[in-house]
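Everything on this sheet refers to the single structure shown next.
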Amino acid sequence: MVHNFDEIVSRRGTDSKKYAMAYPAGDVIPMWLADTDFKSPQPVIDALEQRLAHGILGYPVSSERLKRAAAHWLETRFCYHASPAWVEYTPGVIAGIDFSIQALSEPGDGVILQTPAYPPFSQGIELNGRVLVPNPLVLRQGRYEIDFESFEAACRRPDTKLFILCSPQNPTGRVFSREELARMGDICLENGVVVLSDEIHSDIVFPPHRHTVFASLGEKYSANCVTFINPSKTFNIPGLRTAALIAEDPAKREAIHRQIMKVKAVGETVFGTLALCTAYESCAYYADQEVAYMAGNLALARQAFEAIPSIDLIEPEGTFLFWLDCRKTGLTQDALMKRFVETARVGVKDGADFGPDGVGFVRMTAAVPRAVLEEVLDRITKAFTEPNHQ
Ligand SMILES: Cc1ncc(COP(=O)(O)O)c(C=O)c1O
């Protein structure tokens, strides 16, 4: 099956967060939110239509098929042999991480986060009364690297209990190597720190980089972590609110389950479960083609930013997010955002939202049809290189 990623589908008037919020003006192209503008795979749409045609949408069972489908995806795509019994439904990755924070730490405990970071992580830490322990990634010659010394110091703090690993990393696009993951995993094990591994972006990784499921590194690592996946990004179904967490260690699994039961967040949805299962069982072809399409988008962006001296595209190793280093523009963050939104008419996400080390940067979701990306790059080029546009 071949998917047409070039197809432009208007999303205005569909209550799309990306189009209705932040930059609702019709002439600003919204590039801020991390959902794609691609149609979902045809088998997913067909399965949902067929189910709807039945005409009754009563309470569904807690799905064994969901557990098998998540385990199947992890096995076939990443050679991680997870048992379906370790899988639990969660309405979203962030909800699952927050349940895990509540289950596996106490108020006042420290949670390590590599920054710049996806904002809901720090919000979840703070809203749950835990303490954010930052481990800034270090930008060296255009590539973000882990500061292992600071990571170890963060783990050694007696109150540190958890590490939220974002792998691949949003917003920097880093795909961590096996060695990096094992080294972080060892430091966590030595210091009794549990790893919460958000792998929502794992399907979009550009060769020669390869995604390693943290838990697949070996038993001692898998027993010390919880993995979170969601087909929402890859297959553009985030509106269906259906994700999975995988916890091999029964004690962690039961503690998280108790937390989920406290707020009765156990109710799966008819369509969410069906979409997750169909995507993970039958849509590997779509993920493969999307990676190839995104590699094409990346090549185009690389070329455009090479011709804009004041903006450096941080080469993403994975994700459909482009993290732009705009510090050479010399603009304040406010002026930078104005230049993007008011001059270029491109609705990027403010880098400052990702923490203090995001100042001078913006993030752009590049999972759009090629023709849209061309228009976006053209607008940015004019706004940042032509004096009469500035
Ligand atoms: C790293 C990361 N984790 C989690 C999410 C959100 O996932 P969910 O909608 O399943 O909570 C996003 C969405 O942008 C993300 O980028």
Tyr280 and Phe235 aromatic ring geometry - parallel, tilted or perpendicular at 30°/60° bounds: perpendicular

Ring geometry between Trp323 and Phe361 (parallel below 30°, tilted from 30 to 60°, perpendicular above 60°): parallel

Side chain to side chain contact (heavy atoms under 4.5 Å, CB included) assessment of Ile229 paired with Val213: CA-CA 10 Å; Ile229 57 170; Val213 172; over 6 Å; no

Quick one: does [X]'s side chain get under 4.5 Å of [Y]'s, heavy atoms only?
{"X": "Leu48", "Y": "Leu240", "value": "yes"}
{"X": "Val226", "Y": "Phe99", "value": "no"}
{"X": "Gln169", "Y": "Tyr144", "value": "no"}
{"X": "Ser222", "Y": "Trp86", "value": "no"}
{"X": "Thr172", "Y": "Gln114", "value": "no"}

Ring centers of Phe176, Phe214 separated by less than 6.0 Å: no

Tyr293/Phe38 aromatic ring centres below 6.0 Å: yes

Work out which heavy atom in [X] is nearest to a heavy atom in [Y]; give both atom names and the distance.
{"X": "Asp357", "Y": "Pro136", "answer": "OD2-CB, 3.7 Å"}
{"X": "Asn224", "Y": "Cys188", "answer": "ND2-CB, 4.2 Å"}
{"X": "Pro134", "Y": "Thr115", "answer": "CB-CG2, 4.4 Å"}
{"X": "Pro43", "Y": "Thr278", "answer": "O-CG2, 3.5 Å"}
{"X": "Ala279", "Y": "Trp73", "answer": "O-CZ3, 4.0 Å"}

[X] charged N/C atom sitting above [Y] aromatic ring, 6.0 Å / 45°:
{"X": "Arg370", "Y": "Phe5", "value": "no"}
{"X": "Arg339", "Y": "Phe384", "value": "yes"}
{"X": "Arg363", "Y": "Phe354", "value": "no"}

Going by an N to O cut-off under 4.0 Å, is there a salt bridge joining [X] and [Y]?
{"X": "Arg77", "Y": "Asp203", "result": "no"}
{"X": "Asp98", "Y": "Arg130", "result": "no"}
{"X": "Arg156", "Y": "Glu152", "result": "yes"}
{"X": "Lys382", "Y": "Asp378", "result": "yes"}
{"X": "Asp186", "Y": "Lys220", "result": "yes"}
{"X": "Arg143", "Y": "Glu317", "result": "yes"}
{"X": "Arg302", "Y": "Glu315", "result": "yes"}

Pair Asp37, Tyr19: side-chain N/O donor-acceptor within cut-off below 3.5 Å: yes

Heavy-atom count check: over 12 atoms from other residues, nucleotides or ligands less than 6.0 Å from [X] [atom1]?
{"X": "Glu7", "atom1": "CD", "result": "yes"}
{"X": "Lys262", "atom1": "NZ", "result": "no"}
{"X": "Gln303", "atom1": "CD", "result": "no"}

Glu375 vs Arg379, salt bridge (charged side-chain N to carboxylate O under 4.0 Å, His left out): CA-CA, chis, key distance, verdict: CA-CA 6 Å; Glu375 172 66 20; Arg379 290 182 182 197; 2.8 Å; yes

Intermediate values then yes/no, side chain to side chain contact (heavy atoms under 4.5 Å, CB included), Asn236 and Asp35: CA-CA 6 Å; Asn236 205 8; Asp35 70 356; 3.8 Å; yes

Distance (rounded to the nearest 0.5 Å) between Leu181 CG and Ser216 OG: 8.5 Å

